[in-house]
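The next block holds one structure in the form of structure tokens; read it before the comments.
The structure displayed is predicted, hence computed values, not measured ones.
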2 protein chains.
Amino acid sequence: MVSRGRRSTPQRVIVAEALAAARRALSAQELHERINAGHPTLGLATVYRALEAQVQDGMASRFERDGHVSAYVACDATHHHHLVCTRCQRVEDLDETVVAPLLSSVGRTHDFQVDHAALDFYGLCGSCRKRAR
Amino acid sequence: MVSRGRRSTPQRVIVAEALAAARRALSAQELHERINAGHPTLGLATVYRALEAQVQDGMASRFERDGHVSAYVACDATHHHHLVCTRCQRVEDLDETVVAPLLSSVGRTHDFQVDHAALDFYGLCGSCRKRAR
DNA sequence: GTGGTTGCAAAGGTTTTGCATGTGC
DNA sequence: GCACATGCAAAACCTTTGCAACCAC
């Protein structure tokens, strides 16, 4: 899945690790801030470029946060859809077996060739839900 | 569902009608261009403000187009999810009965209180699919 | 050595905001 | 009349790009 001609550089590793360590959705800027704590010279543009590369390679996915900002999460090849907690921004993988029936029924009931789908749920995760009450 | 204190103005009606007439996803700028053909003084900022109001009131929904641009579609209260053709930008409503099982199984299989979901499918509609071959 | 990558700053484009004026209700 | 809405332009904002230096392979 990795694009041909893509190189492994220290910066890309740092970005990938920082995103994976976060275990939640971060905007490029938020990730950049975290990284800068330990790597002050790593530029914001590099973060954007690394994130874009990760998305293309299926190692991260991007979705829209309120306010027209992109947020990114690390993901593996088998989980592409997420439950995003709107309070703590923590992200859980959605069980893909739950999604599969939907994908096939969309193909059956509509004359539409699905290329990709945005299937992201927003709400409160277990812990935030308890805390909210 | 309409927010308290929201007024009906000629401009909002124009924006709502233009969006409904389009029957496809439009960015704020595209909508502004179309509107300006007949209403040259209606400003872009007003279009943004009207669209935002419509989204809040459930009369339109917003999603992300490639290149970090928001696109908007008119929608009614019962259809909130869409099939978006990435070629002609035409939007079909997704049959909600197809979606309902997914929503309930997410609630069952994950400890997560779903507030709202982004369920949008991107691909080729029937006509574009034929044309593509 | 070659071609992808980085860092910086500057540019680009979208969206928001300030403010004086206008207008539903 | 009051609060909200509009229009214009400026500002803010996120994101991309240009370019010289750099470095992985």
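Residue B:S70 is classed as a sugar-phosphate contact, given heavy-atom separations below 4.0 Å to backbone atoms only. No contact: A:S27 has no heavy atom under 4.0 Å from any strand.
Put simply, B:Q11 has no side-chain N or O that comes within less than 4.0 Å of OP1 or OP2 on C:dG22. Taking side-chain N and O atoms only, A:T46 has no distance below 4.0 Å to OP1 or OP2 of C:dT6. Under 4.0 angstrom from either OP1 or OP2 of C:dT16 there lies no side-chain N or O belonging to B:Y48. A close approach under 4.0 Å does occur between a side-chain nitrogen or oxygen of A:T9 and OP1 or OP2 of C:dT6.
Judged by atom type and distance alone, B:R49 reaches the base of D:dG7 through a side-chain donor-acceptor pair under 3.5 Å. The base of D:dC4 sits with one of its N or O atoms less than 3.5 Å from a complementary donor or acceptor on the side chain of B:R7.
The CG-P distance, from B:L51 to C:dT14, rounds to 15 Å in whole Å. To the nearest angstrom, P of D:dA5 lies 11 Å from CD of B:Q56. Between A:L44 atom CG and D:dT16 atom P the separation is 10 Å, expressed in whole Å.
Projected onto DNA chain D by closest heavy-atom contact, A:A45 and A:Q29 fall at different nucleotides, the more 5' of which corresponds to A:Q29.
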